[in-house]
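Working notes for the structure below.
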Amino acid sequence: MTFCSKCGNEEPSEKTFCSQCGTRLVENRLGPTSIQKRRSNWWYLLAILFTPIGGIIAYFVIKNDDPSKAKNCLWIGMILFAIGFIVGVGSG
Ligand SMILES: [Zn+2]
């Protein structure tokens, strides 16, 4: 099932154009606006191994291609750094 982005009309997925307004129907997962370059999960590892710098580097490198993964890397770097800091203070 596909929804027309213009008028909201529901169409069977095999239809290419909306029968109500003629707008081209594009499934969200195949739409050109939703295509992002997939970035390797190795960036997570960078963020984990080199906190917080690795997370910051990963964020700036992949933020244009994969904003959500970039944010995750930044958060991983920051959170692990914070945990390491707290553990370090606690044990010291
Ligand atoms: Zn329509």
Side-chain angles (χ1 to χ4, degrees):
M1 197 65 79
T2 308
F3 289 93
C4 174
S5 60
K6 199 171 183 183
C7 70
N9 181 45
E10 223 175 73
E11 291 284 354
S13 56
E14 65 267 20
K15 280 262 191 114
T16 309
F17 294 95
C18 175
S19 62
Q20 295 295 315
C21 69
T23 299
R24 187 181 178 86
L25 302 171
V26 181
E27 285 185 61
N28 282 338
R29 61 197 164 87
L30 298 175
T33 53
S34 66
I35 292 175
Q36 290 181 340
K37 286 184 202 167
R38 292 190 64 183
R39 285 298 193 156
S40 168
N41 287 329
W42 286 105
W43 289 105
Y44 287 126
L45 196 64
L46 183 75
I48 292 166
L49 291 177
F50 301 102
T51 60
I53 303 299
I56 293 167
I57 291 171
Y59 174 75
F60 280 107
V61 171
I62 70 176
K63 67 174 178 169
N64 288 330
D65 294 334
D66 201 336
S68 60
K69 186 171 281 184
K71 265 184 200 168
N72 287 343
C73 285
L74 188 64
W75 276 110
I76 288 169
M78 291 300 178
I79 290 169
L80 288 180
F81 178 70
I83 291 170
F85 184 75
I86 291 165
V87 170
V89 169
S91 63

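Both counts, for ligands and for their atoms, begin at 1 and track the order of listing.
Between the CG atom of Asn9 and the OG atom of Ser19 there is a distance of 5.0 Å, given to the nearest 0.5 Å. Residue Leu74 holds its CG atom at 11.5 Å from CD1 of Ile57, rounded to the nearest 0.5 Å. Annotation: the span from Leu80 atom CG to Trp75 atom CH2 amounts to 12.5 Å, rounded to 0.5 Å. Here the straight-line distance linking atom CD1 of Ile76 with atom CG of Leu49 works out to 11.0 Å at 0.5 Å rounding. Residue Asn72 holds its CG atom at 4.0 Å from OH of Tyr44, rounded to the nearest 0.5 Å.
With waters left out, the protein N, O or S atoms under 2.8 Å from the Zn ion (ligand 1) add up to 4.
Minimum heavy-atom separation, Ala70 to Tyr59: O-CD1, 3.3 Å.
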